[in-house]
Number of protein chains: 2
Amino acid sequence: MSSIREVSKRAGVSIATVSRVLSNRGYVSEAARVAVLRAAEELHYIPNVMARGLKTKRSGLVALLVPQIVSTYFVYAARGIEDVANKNGYHLIICNTDDSLEKQRAYIDLLIGSSVDGVIVASVNRSPRPLQPLLQRDIPVVLVDRFVDDFPADIVRGDSINGMKTLTEHLLDLGHRRIALVNGDMETYPARDRLVGFQAALRERGIVGDDRLVTHGTWLVQDAERRVDELIRRKVPFSAVLGANSFMSVGAMRALRRHGFAVPGDIALAGFDDVEIASDLDPFLTVLTQPVYTMGSFAMNMLLERMNESYSGPPRDVVLAPWLIVRRSSGARVSVDEEA
Amino acid sequence: MSSIREVSKRAGVSIATVSRVLSNRGYVSEAARVAVLRAAEELHYIPNVMARGLKTKRSGLVALLVPQIVSTYFVYAARGIEDVANKNGYHLIICNTDDSLEKQRAYIDLLIGSSVDGVIVASVNRSPRPLQPLLQRDIPVVLVDRFVDDFPADIVRGDSINGMKTLTEHLLDLGHRRIALVNGDMETYPARDRLVGFQAALRERGIVGDDRLVTHGTWLVQDAERRVDELIRRKVPFSAVLGANSFMSVGAMRALRRHGFAVPGDIALAGFDDVEIASDLDPFLTVLTQPVYTMGSFAMNMLLERMNESYSGPPRDVVLAPWLIVRRSSGARVSVDEEA
DNA sequence: TCCCTGTGTGGAAACGTTCCCCTCATGAGC
DNA sequence: GCTCATGAGGGGAACGTTTCCACACAGGGA
């Protein structure tokens with residue numbers, strides 16, 4: 001509506017002076033400063049972000065690329081990121097890739113075209129290729145949750161290997177020997193690492209795993225459900241199920257319920273990633289939980305350091321330890337649910 | 001990186017021609033079209049959104065203003081909005097207001113400055129004032145969930161009055177007479193309407209409510225928890241609790257658990273809004289659920305119609321009916337959890 | 001032959017900022 | 001009285017697009 005030109009007219013100074021006042025740099029007399037501020041206020045002046053961005057090549061925008069914001073995992077990470085971003089004058093734009101390479105590519109192009117100042121991404125796969133255009137244009141990138149091969153960027157992630165090992169051991173301790181692992185997309189490191197942790201736990205106890213009990217596919221609920229359903233229909237015996245994330249656990253639960261299995265009565269269940277609100281209402285699922293909000297804020301802080309170049313050393317790899325919360329679904333004797 | 005000028009050089013045509021090809025308007029020969037497309041491809045040209053926006057005064061951006069994206073309610077609405085937006089060439093930017101007027105104002109200024117093409121908002125309060133700047137600049141607005149007084153905009157919302165009436169009747173049918181209502185912010189219509197529905201249900205059954213049993217405050221979990229806690233400590237008797245949304249229910253549940261009350265054994269609990277993933281894992285909370293994703297897509301469709309001016313009639317008020325899902329927490333005899 | 005219409009194309013003016021570069025007081029130091 | 005540093009502020013180019021306008025050319029109708 002009203003532009004800097006009108007503010008300058010009303011304040012009786014030049015455009016340049018208005019710009020100096022508003023961006024707080026250069027020499028400006030107190031009288032001019034007051035006049036400009038008053039004029040801007042009176043006209044309810046709002047600077048044009050696009051004009052500014054065109055000139056400065058900066059947008060004040062930071063983007064988060066995630067598979068699915070409808071996931072307690074990513075939505076809390078998003079809050080962690082946003083809170084830190086806002087506190088530093090940046091705004092967050094969230095993009096759902098739905099784990100589609102094509103969607104991710106389209107978003108990256110859009111973000112580049114929008115002169116986004118930094119990107120935090122849980123990439124669709126392990127390949128550095130899709131993310132290369134960002135680095136080529138010197139847009140700082142921080143990875144979250146998912147490692148990417150040979151990609152020189154900071155990353156913050158959970159310890160999937162040891163986490164899944166802990167989770168598996170929990171079920172082994174309860175006497176389970178035939179445990180089904182409902183994994184996600186093997187094109188992503190979390191899935192690969194969780195498999196590694198699972199196998200390590202079995203190996204250390206001298207248990208020979210049954211390959212049929214390890215399934216993988218997409219990170220979608222329906223896919224997990226279908227796979228567990230198939231396991232049951234093919235009569236592959238198992239006494240416990242492990243979900244590689246909350247979607248996998250939910251899918252497994254659906255299939256189990258459909259076939260009339262009681263949890264934990266007939267089949268024990270545990271999974272990676274907590275579903276906060278669910279456990280708040282009715283502590284049910286035994287989980288390996290990760291400090292998601294913290295992961296988000298760490299990621300954003302590292303991104304900030306890259307953006308303002310206060311750090312330009314080698315890529316940092318921040319691994320945050322998850323922890324086990326035992327609830328009913330795994331069938332352990334639990335006295336109290338020790339929530340924070 | 002590479003601009004339209006470089007594309008024009010490589011294609012051997014003028015900038016104007018490149019623009020015409022890329023935006024698909026005006027006369028362009030087939031030869032020129034092919035040359036431009038090839039040059040753009042080879043240079044991996046990405047149009048500069050800011051330059052374009054500066055000129056056209058449009059950004060291709062649609063914004064969603066919500067109190068909290070970390071709420072199953074709003075996150076699913078956001079997906080509904082985003083899916084429709086993307087399908088129509090728009091991108092969504094999500095802004096958390098945390099129910100703070102100040103934050104909302106800051107975001108609205110930012111959005112105006114960014115030439116956002118449309119806004120969907122669940123406003124912090126019922127006043128039209130904070131939203132006025134958008135209309136003044138002819139930025140289409142659609143309200144979602146929360147009605148705003150005397151504000152000429154389309155709205156899509158749930159039927160809070162009848163919804164809460166249904167929910168209350170459910171508890172009354174189970175024999176409860178002293179029901180505590182844990183409400184949210186009375187500066188918002190959902191809270192007011194839910195109170196109206198609650199009182200209507202009591203009145204129709206000829207029950208005299210106890211004012212002490214109706215509490216309200218913010219929409220935060222901790223606040224609800226504190227209020228229920230106080231109710232218990234002050235020894236106000238009640239046999240059932242009603243949460244005005246999922247945060248209120250969670251807060252209530254926390255307080256009840258802390259005081260050692262079993263749900264539904266000692267106290268029955270039911271609430272507005274489903275917590276999808278929770279119920280998927282372990283059907284616990286009796287809820288009045290709303291078609292949230294649909295609400296989002298409806299809202300976005302209405303916004304699109306306003307943006308491309310295919311509809312410019314009077315404000316539409318779309319009220320979507322919620323429905324009751326009875327689960328364990330209310331203490332009714334439930335055989336199967338009839339999820340879709 | 002002349003004019004007109006339909007195509008195809010390029011030049012150049014915006015859009016609203018930022019910021020470099022210039023000018024101009026003023027006053028201290030010699 | 002002169003220079004020079006410093007504070008204050010204006011002019012105008014540039015950012016990368018879109019789009020208006022002018023122009024050129026071909027071919028058809030009078």
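Quick note on labels: first sequence line is chain A, next is B, and so on, each numbered from 1.
- Contacts of A:Arg33 classified as salt bridge (charged side-chain N to carboxylate O under 4.0 Å, His left out), with partners at least two apart in sequence or in another chain: none.
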Compile the donor-acceptor pairs under 3.5 Å between side chains in residues 112-133 of chain A and protein atoms, sequence neighbours left out, one pair per line.
from: A:Ser114; atom 1: OG; to: A:Leu110; atom 2: O; distance (Å): 2.7
from: A:Asp117; atom 1: OD1; to: A:Ser59; atom 2: N; distance (Å): 3.1
from: A:Asp117; atom 1: OD2; to: A:Ser59; atom 2: N; distance (Å): 3.4
from: A:Asp117; atom 1: OD2; to: A:Gly60; atom 2: N; distance (Å): 2.6
from: A:Ser123; atom 1: OG; to: A:Gln104; atom 2: NE2; distance (Å): 3.2
from: A:Asn125; atom 1: OD1; to: A:Ser127; atom 2: N; distance (Å): 3.1
from: A:Ser127; atom 1: OG; to: A:Arg129; atom 2: N; distance (Å): 3.1

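- Annotation: salt bridge (charged side-chain N to carboxylate O under 4.0 Å, His left out) contacts of B:Asp154 (sequence neighbours excluded): B:Arg306, B:Arg316.
- At D:dG16, none of the side-chain N or O atoms of B:Arg5 fall inside 4.0 Å of OP1 or OP2 (strictly under the cut-off).
- In this structure, the salt bridge (charged side-chain N to carboxylate O under 4.0 Å, His left out) partners of A:Arg38, at least two apart in sequence or on a different chain, are A:Glu42.
- Taking atom CG of residue B:Leu22 and atom C1' of nucleotide D:dG16, one finds them 13 Å apart after rounding to whole Å.
- Taking the C1' atoms of five terminal pairs at each end of the helix from C:dT1-D:dA30 to C:dC30-D:dG1, the two resulting helix axes are inclined by 60°, rounded to 10°.
- Annotation: proximity of residues 37-56 of chain B to DNA chain C (heavy atom, distance under 4.0 Å) is found for B:Leu54, B:Lys55, numbered in ascending order.
- Judged as a salt bridge (charged side-chain N to carboxylate O under 4.0 Å, His left out), not a single pair has a partner in residues 69-78 of chain B (not counting sequence neighbours).
- The distance from atom CG of B:Asn24 to atom P of D:dT18 is 12 Å, rounded to the nearest whole Å.
- Proximity of B:Leu54 to A:Asn48: side-chain heavy atoms (C-beta onward) are separated by under 4.5 Å at one or more points.
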Indicate every side-chain donor-acceptor pair of residues 83-93 of chain A with a distance under 3.5 Å to a residue at least two apart or in another chain.
from: A:Asp83; atom 1: OD1; to: A:Arg79; atom 2: NH2; distance (Å): 2.9
from: A:Asp83; atom 1: OD2; to: A:Tyr293; atom 2: OH; distance (Å): 2.5
from: A:Asn86; atom 1: OD1; to: B:Tyr107; atom 2: OH; distance (Å): 3.3
from: A:Asn86; atom 1: ND2; to: A:Tyr90; atom 2: O; distance (Å): 2.9
from: A:Asn88; atom 1: ND2; to: A:Val84; atom 2: O; distance (Å): 2.8

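- Note on A:Lys57: every side-chain N or O is 4.0 Å or more away from OP1 and OP2 of C:dT18.
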At a cut-off of 3.5 Å, list every protein nitrogen or oxygen paired with a nitrogen or oxygen from nucleotides 6-12 of chain C, distance to 0.1 Å.
from: C:dT7; atom 1: OP2; to: B:Tyr27; atom 2: OH; distance (Å): 3.4
from: C:dT9; atom 1: OP1; to: B:Ser29; atom 2: OG; distance (Å): 3.0
from: C:dT9; atom 1: OP2; to: B:Ser29; atom 2: N; distance (Å): 2.9
from: C:dT9; atom 1: OP2; to: B:Ser29; atom 2: OG; distance (Å): 2.9
from: C:dG10; atom 1: OP2; to: B:Ser14; atom 2: N; distance (Å): 2.6
from: C:dG10; atom 1: OP2; to: B:Ser14; atom 2: OG; distance (Å): 3.0
from: C:dG10; atom 1: OP2; to: B:Thr17; atom 2: OG1; distance (Å): 2.9
from: C:dG10; atom 1: N7; to: B:Arg20; atom 2: NH2; distance (Å): 3.0
from: C:dG10; atom 1: O6; to: B:Arg20; atom 2: NH1; distance (Å): 3.3

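- The ring pair (Phe, Tyr, Trp, His ring centres under 6.0 Å) contacts involving residues 33-54 of chain A comprise nothing, where partners must be two or more places apart or lie in separate chains.
- As rounded to whole Å, 8 Å separates atom P of D:dT18 from atom CZ of B:Arg25.
- With sequence neighbours excluded, no residue satisfies salt bridge (charged side-chain N to carboxylate O under 4.0 Å, His left out) with A:Arg52.
- The ring pair (Phe, Tyr, Trp, His ring centres under 6.0 Å) pairs that include a residue from residues 136-156 of chain B are B:Phe147-B:Tyr189, where partners are two or more places apart or lie in different chains.
- Contact of the A:Pro67 side chain with the A:Trp219 side chain is not registered, since no non-hydrogen atoms from C-beta on lie closer than 4.5 Å.
- As a whole-Å value, the separation of B:Lys9 NZ from D:dG16 P is 12 Å.
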